[in-house]
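The structure appears right after this line, and notes come after that.
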Amino acid sequence: VAAFSPQARALDMPSPFVQEVLIKSILVTLNDAVASDNFTVLHAKISKPFRDQFPPDKLQAIFKDLVEKHAVFDAIVASPVIPEEDARIDEKGVLRLKGRFDTTPKKVKYQLGFIPSDGQWKLSGVTIDIE
């Protein structure tokens, strides 16, 4: 009898609503981490492989630029997500979401990767540009 762990089970493509929740919740958590210069909560919300690779102090170093610029992008919660390409699950099982928020005075662009971790989509990669 083959046994499958819940972590190994593939997850289906989330609905547009769930995609928006994933995008906004992780970006708001990142915003709060940047604003407080404390990456513990962000660390707790990311996928296990990402957590193992990037402890909170490493996340802090990665996002040092945003912290130093006092980047605040919490206005995204009130803005619609504008996808720049279709959501997809790539050949490695990573959910790829790419898009932007037309917030003012600066636009927020994101590329996010999520993998199944603990039975949920959890962040596995992030690129954010505030321009």
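- Counting only distance, with no hydrogens or angles, the side chain of Arg51 and the backbone of Ile46 share a donor-acceptor pair below 3.5 Å.
- By the 30° and 60° cut-offs, the orientation of the rings of Phe39 relative to Phe63 is parallel.
- Between the CG atom of Asp57 and the NE2 atom of His43 there is a distance of 9.0 Å, given to the nearest 0.5 Å.
- Minimum interatomic distance between Lys107 and Asp102 (heavy atoms only, all atoms of both residues): CD-OD1, 3.1 Å.
- Rounding to the nearest 0.5 Å places NZ of Lys98 at 6.0 Å from CD of Glu84.
- What you find for Pro49 and Ile115 is that their closest heavy atoms are CG-CD1, 3.8 Å.
- Atoms CG and CG, from Leu27 and Asp32 in turn, are 11.0 Å apart once rounded to the nearest 0.5 Å.
- Checking Leu30, Thr29, Ile26 one by one against Leu123, the side chain to side chain contact (heavy atoms under 4.5 Å, CB included) holds for a single residue, Ile26.
- With a 6.0 Å radius and a threshold of 12 heavy atoms from other residues, nucleotides or ligands, Asp86 has its CG atom at or below the threshold.
- In this structure a side-chain-to-backbone donor-acceptor pair under 3.5 Å is present from Gln60 to Asp37.
- At distances below 3.5 Å, at least one donor-acceptor pair connects side-chain atoms of Asn38 with backbone N or O atoms of Thr40.
- In this structure, Leu95 and Pro14 have side chains that are in contact, with non-hydrogen atoms separated by less than 4.5 Å.
- Heavy atoms from other residues, nucleotides or ligands lying under 6.0 Å from NZ of Lys106 number 12 at most.
- Of all heavy-atom pairs spanning Asp12 and Ile89, the tightest one is C-CD1, 4.2 Å.
- Ile82 and Val126 are not part of a single hydrophobic cluster, where members link through side-chain heavy atoms under 4.5 Å apart.
- Counting only heavy atoms from C-beta outward, the side chains of Lys122 and Pro116 never approach each other to under 4.5 Å.
- Placement of Trp121 and Val81 within a single hydrophobic cluster is found when ILVMFWY residues are connected by side-chain heavy-atom separations under 4.5 Å, directly or transitively.
- Arg96 approaches Gly113 most closely through the heavy-atom pair NH1-CA, 4.3 Å.
- Taking hydrophobic clusters as Ile, Leu, Val, Met, Phe, Trp and Tyr residues chained together by side-chain heavy-atom distances below 4.5 Å, Ile76 does not share a cluster with Val72.
- The hydrophobic clustering, which links ILVMFWY residues whose side-chain heavy atoms are closer than 4.5 Å, places Ile128 and Val94 apart.
- For Lys48 and Ser117, the side-chain atoms include no donor-acceptor pair closer than 3.5 Å.
- In this structure, Asn31 CG and Leu66 CG are separated by 9.5 Å, a value rounded to the nearest 0.5 Å.
- Summarising the local packing, NZ of Lys109 is surrounded by 12 or fewer heavy atoms from other residues, nucleotides or ligands at distances under 6.0 Å.
- Between Tyr110 and Phe101, a ring centre-to-centre spacing shorter than 6.0 Å is recorded.
- Tracing side-chain contacts under 4.5 Å through hydrophobic residues (I, L, V, M, F, W, Y), one reaches Val18 starting from Met13; they form part of the same cluster.
- A distance of 10.0 Å separates CZ in Phe17 from CG in Leu22, rounded to the nearest 0.5 Å.
- Atom CG of Leu112 sits about 8.0 Å away from atom OG1 of Thr127, to the nearest 0.5 Å.
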